[in-house]
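Proteins get letters first, then strands, A, B, ... in listed order; numbering begins at 1 in each.
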Amino acid sequence: MKKQRYNAVKGVQDILPPDIYIWQKIEAAAKEIFRVYGFQELRLPIMEPTAIFVRSIGETSDIVEKEMYTFTDKGGRSITLRPEGTASAVRCYVQNHLYNLPSPQKFFYSGPMFRYERPQKGRLRQFYQIGVEAFGVSEPKLDAEIIAMLRVFLERIGLSGLNFEINSIGCEKCRPGYRDALLDFFSSRLDSLCPDCKRRYEQNPLRILDCKVDACIEQRKDAPVVSDFLCDECVSHFSELRSILEMLDVPYVVNPTMVRGLDYYTRTTFEVTSERLGAQNAVAAGGRYDRLVEEFGGPPTPAVGFAVGMERLVALVKDTADSVPSPEVFIATVGKDAAQKALLIAEGFRAKGVWVEVGYEGASLRSQMRRADRFNANYVLILGEDELKRGRIGWKNLKDGSAGEVGIQEVYDFLQKNLNKI
RNA sequence: GUGGGUGUAGCUCAAUGGUUAGAGCACUGGACUGUGGCUCCAGGUGUUGUGGGUUCGAGUCCCAUCACCCACCCCA
């Protein structure tokens with residue numbers, strides 16, 4: 001009777017060695033850099049009441065309309081697996097009265113997000129983000145600081161050649177005017193637009209600006225530009241942001257057509273992309289959301305944040321091929337007594353923090369040596385019957401081929417001294 | 001949700017509609033009885049993703065289904 005074999009759910013994946021070491025490296029770098037910028041960790045639930053996503057991301061957004069993992073729990077509540085982190089962070093911020101902490105309040109979080117989408121390169125149904133949110137300061141200095149932090153982080157993990165794009169999409173005062181201008185402009189050209197853009201005209205006219213269809217690109221040549229519609233406050237906010245970024249030497253470009261898909265953004269939006277990723281080329285994106293905390297029942301609180309996509313980051317870091325960790329010592333044995341004694345010696349190394357693998361009786365010494373080599377161990381210790389009798393143990397450095405013998409009692413000091421040199 | 005591509009050994013892939021589906025890599029052992037890498041030899045696993053259909057005969061052709069990949073939409 002053949003046993004049923006199971007596969008992971010569509011669009012989700014296992015993360016295992018050697019990739020897991022890249023993940024750990026990225027996570028460690030993030031924590032270290034966020035720490036010096038004053039960001040503290042939040043552990044947020046992966047499910048929330050459905051309403052918080054509908055409210056924040058927007059009822060007509062694609063995420064809410066067709067991509068959420070939503071279910072009814074046994075108490076009849078509508079629950080959703082989070083499709084992004086900002087809504088949860090804001091809910092947490094308001095619920096726990098974090099606005100009473102000295103401002104700005106700066107937080108980061110990481111973990112899986114869920115969207116029911118068709119998987120493709122760089123897009124999964126369960127994907128991981130590291131997100132950052134800073135509350136309580138409307139000054140563009142804060143925007144600049146977190147963009148600078150993002151840049152430092154990306155460089156720390158060895159990435160370069162990324163594109164930083166920024167834009168300002170205005171606030172609740174000036175954006176409606178721009179939206180109306182767009183509607184007015186495209187109303188006479190509707191017939192020349194692609195079907196998707198006709199839909200965008202109804203739902204989110206700003207999106208027409210980054211359509212890839214040639215006809216639409218042609219039609220929008222003379223479309224109104226967002227910068228012409230920004231109110232005085234938004235203009236000065238954006239220009240100060242730009243001058244600080246220049247001072248901090250962040251190599252950005254302004255992309256006036258960059259529009260984010262989430263409704264809650266105000267003023268600053270930004271995106272970091274790579275040409276090496278395929279169609280889904282954003283590795284990080286974020287922006288300001290000055291209205292959301294108030295929307296969620298908190299005091300009026302400006303905020304700005306971003307999220308980075310872990311899988312996309314990992315794909316980029318992979319090119320810089322890091323070596324996978326390997327055991328420092330391999331103990332090969334000949335004979336039953338030696339094989340047992342090897343376990344005791346191994347414990348001694350492990351107590352000192354040294355990764356040791358042990359060969360077991362049954363395999364020839366030759367094959368144990370071969371295995372040690374494949375493990376990429378630095379040293380092999382050889383323990384046979386005669387060594388055991390003499391209270392000594394053979395050693396061989398697999399990197400340079402040198403070999404010798406040392407007393408069993410001295411082996412720890414001997415190797416510890418030599419391992420430090422590797 | 002839409003479109004295209006691909007499913008054969010653990011991995012990468014062969015096999016004109018025709019016997020018992022092969023190779024490389026990897027793995028294990030040996031040549032070299034207790035010293036890795038190089039070389040050589042030996043060892044074995046497949047319900048050809050799944051279910052139907054056409055045919056004397058299907059890994060190969062057809063249909064369905066599932067999974068993966070890529071793109072659209074959208075996004076990290």
Any salt bridge linking Glu202(A) with Arg199(A)? Criterion: basic side-chain nitrogen under 4.0 Å from a carboxylate oxygen. no
Under-4.0 Å side-chain N/O to phosphate OP1/OP2 contact, Ser364(A) with G30(B): yes
OP1, OP2 of C68(B) versus side-chain N and O of Lys10(A): anything below 4.0 Å? yes
Side-chain N or O of Arg371(A) versus OP1/OP2 of U35(B): is the shortest distance under 4.0 Å? no
Starting from P on U2(B), measure out to CZ on Arg199(A) and report it in whole angstrom. 15 Å
On a plain distance test, is the side chain of Gln280(A) in donor-acceptor contact with the base of C72(B) below 3.5 Å? no
Under 4.0 Å: is that the gap between some side-chain N or O of Gln120(A) and OP1 or OP2 of C72(B)? yes
Under 4.0 Å between a side-chain N/O of Arg366(A) and OP1 or OP2 of G30(B), yes or no? no
Distance-only donor-acceptor test, Arg200(A) side-chain atoms vs C73(B) base atoms, 3.5 Å: no
If we ignore hydrogens and angles and just use 3.5 Å, is the side chain of Tyr289(A) paired with the main-chain N or O of Asp263(A) as donor and acceptor? no
Write down the distance between CZ (Phe127(A)) and C1' (C74(B)), rounded to a whole number of angstrom. 11 Å
Specify the separation, in whole Å, of atom CG of Leu124(A) and atom P of A71(B). 13 Å
Parallel, tilted or perpendicular, judged at 30° and 60°: which one describes the rings of Phe414(A) and Tyr379(A)? perpendicular
Under a 3.5 Å threshold, yes or no: a donor from one side chain and an acceptor from the other, between Gln126(A) and Tyr128(A)? yes
U16(B) and C61(B): how far apart are their C1' atoms, nearest whole angstrom? 13 Å
Given the structure, check if the side chain of Arg118(A) and the base of C73(B) hold any donor-acceptor pair shorter than 3.5 Å. no
